[in-house]
Chemist: 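Quick one: the structure is below, questions incoming.
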Amino acid sequence: MNDLAPLVLDAQADFARATTPAELEDAKARYLGKSGRVTEQLKSLAVLPADDKKPRGALINAAKQQIEFALNARRAALAEAELQRQLMAGSLDVGLPGRRRGTGGLHPVSLTIERIEAIFGSMGFDVAEGPEIENDWHSFTALNNPENHPARSMQDTFYVDVKDAAGRWLNLRPHTSPMQVRYARAHAAKHADAIAQSLPMPEIRVIAPGRTYRVDSDATHSPMFHQCEGLWIGESVSFKDLKVVFSDFCRKFFETDELTLRFRPSFFPFTEPSAEVDIAFAHGPLQGRWLEVAGAGQVHPNVVRNYGLDPERHIGFAFGMGPDRLAMLRYGVSDLRLFFDGDLRFLRQFD
Ligand code: PHE
């Protein structure tokens, strides 16, 4: 027995008396805290002669260890008692089903665009994205839509009251067609050497999905909507190829061969000839009704020139379709606005 034994006994008794973790922490402070009794003992070492320090220090440390051991034992006992209490009170029901973590899902329009990308991907089409804030030249002029030409008002464009660095007015792109020009020009630049030497250039085959904007709003039009542009340019890509590609796409997209396509003559400044593409299902709720799904046509020679290519050598078709419309048809949704209201009761159905 040494003079530290009462200290250890006091601590053990104090810890045993503590009935809550808070009381136990108070008791701990009285021994191991900054001015606790054990800490005071350690501080007192400083005034001892050098020879006495070591044995005295060892004694104090042994006492400290005993006290820490008692503290930990009491902590564990209190925790165990608390667990028992909760179990007895029934507040911990291990039989309850777990709570599911909330998971997100893809939006039906995103699912539709993914589907379009997969189908065109299987036909060798690249996927490109471009800016939603466009300039006049890409949105209109390059697409054979001269300034002040009435055809510009076919689209009720949102203009931005700002010009870009090149002095061109900006707009919220009213269609994805500017992407034809951006992609084709980048392609032409990449193959400039081959083009200059009149060597064959790899074909352009691309789709460009994305958001588009027009001043328009009702059950089938939203000021923000989606389009997906398609472009195939080669040395002999014709309207016939457009028909094949688009028919194939529709059959794959709607998973039916019982579908008729109609290419209805139309006008776009950037294609000649131009067509609206309608489809009709042989079965189902929409059976027999012509539904417009795209605009399309052979790219106009002026536009091919703006791609930086020679219209005598590089020809092909373009189309622009509406993924929102395709999603409505595929899922049987009658109001376009449902897609953009953000109502989870609607959106969760597509998880
Ligand atoms: N850009 C046209 C539209 O928004 C669609 C289109 C694209 C037509 C490509 C022909 C070729 O209506």
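Since we're looking at a predicted model, the values are computed, not measured. We count ligands from 1, going down the list as the structure has it; atoms in each ligand are counted the same way.
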Chemist: Can you list the residues that meet the ring pair (Phe, Tyr, Trp, His ring centres under 6.0 Å) rule with Phe350, with sequence neighbours excluded?
Modeler: Tyr331, Phe346

Chemist: Please list, chain by chain and in numerical order, all residues satisfying ring pair (Phe, Tyr, Trp, His ring centres under 6.0 Å) with Phe281, sequence neighbours excluded.
Modeler: Phe254

Chemist: Give the contacting part of Gln298 toward ligand 1: side chain, backbone, both or neither, where contact means a heavy-atom distance below 4.0 Å.
Modeler: neither

Chemist: Counting heavy atoms only, which part of Phe270 comes closer than 4.0 Å to ligand 1: side chain, backbone, both or neither?
Modeler: side chain

Chemist: Name the option, out of Met321, Glu276, Arg214, that contains the heavy atom nearest to atom 3 (C) of ligand 1.
Modeler: Arg214

Chemist: Does the salt bridge (Lys or Arg N to Asp or Glu O under 4.0 Å) test come out yes or no for Arg168 and Glu134, once each step is laid out?
Modeler: CA-CA 9 Å; Arg168 302 174 290 203; Glu134 254 304 356; over 6 Å; no

Chemist: Only heavy atoms count here, so choose which of Ser177, Pro174, Gly320 is nearest to atom 1 (N) of ligand 1.
Modeler: Ser177

Chemist: Taking Ala166's backbone N and O only, do any of them form a donor-acceptor pair with Asp164's side chain (distance below 3.5 Å, no angle check)?
Modeler: yes

Chemist: Is a donor from one side chain sitting under 3.5 angstrom from an acceptor on the other, for Asp14 and Tyr31?
Modeler: yes

Chemist: Think Arg115 forms a cation-pi with Phe253, using NZ or CZ under 6.0 Å from the six-ring centre and within 45 degrees of its axis?
Modeler: yes

Chemist: Find all atoms of ligand 1 within a distance of less than 4.0 Å from any non-hydrogen atom belonging to Gln227, and give their numbers and elements.
Modeler: 3 (C), 4 (O)

Chemist: Pull out every atom of ligand 1 sitting under 4.0 Å from any heavy atom of Ala318, numbered as shown with elements.
Modeler: 9 (C), 11 (C)

Chemist: How does Ala296 reach ligand 1, by side chain, by backbone, by both or by neither, if only non-hydrogen atoms under 4.0 Å count?
Modeler: backbone

Chemist: As an exercise, identify every atom of ligand 1 less than 4.0 angstrom from a heavy atom of Gln180.
Modeler: 9 (C)

Chemist: Any cation-pi pair here, Lys28 with Phe15, using under 6.0 Å and within 45°?
Modeler: no

Chemist: I'd like to check whether His175 has a polar contact with ligand 1, where a contact means an N/O of the residue lying under 3.5 Å from an N/O of the ligand.
Modeler: yes

Chemist: Arg173 near ligand 1, heavy-atom distance under 4.0 Å?
Modeler: no

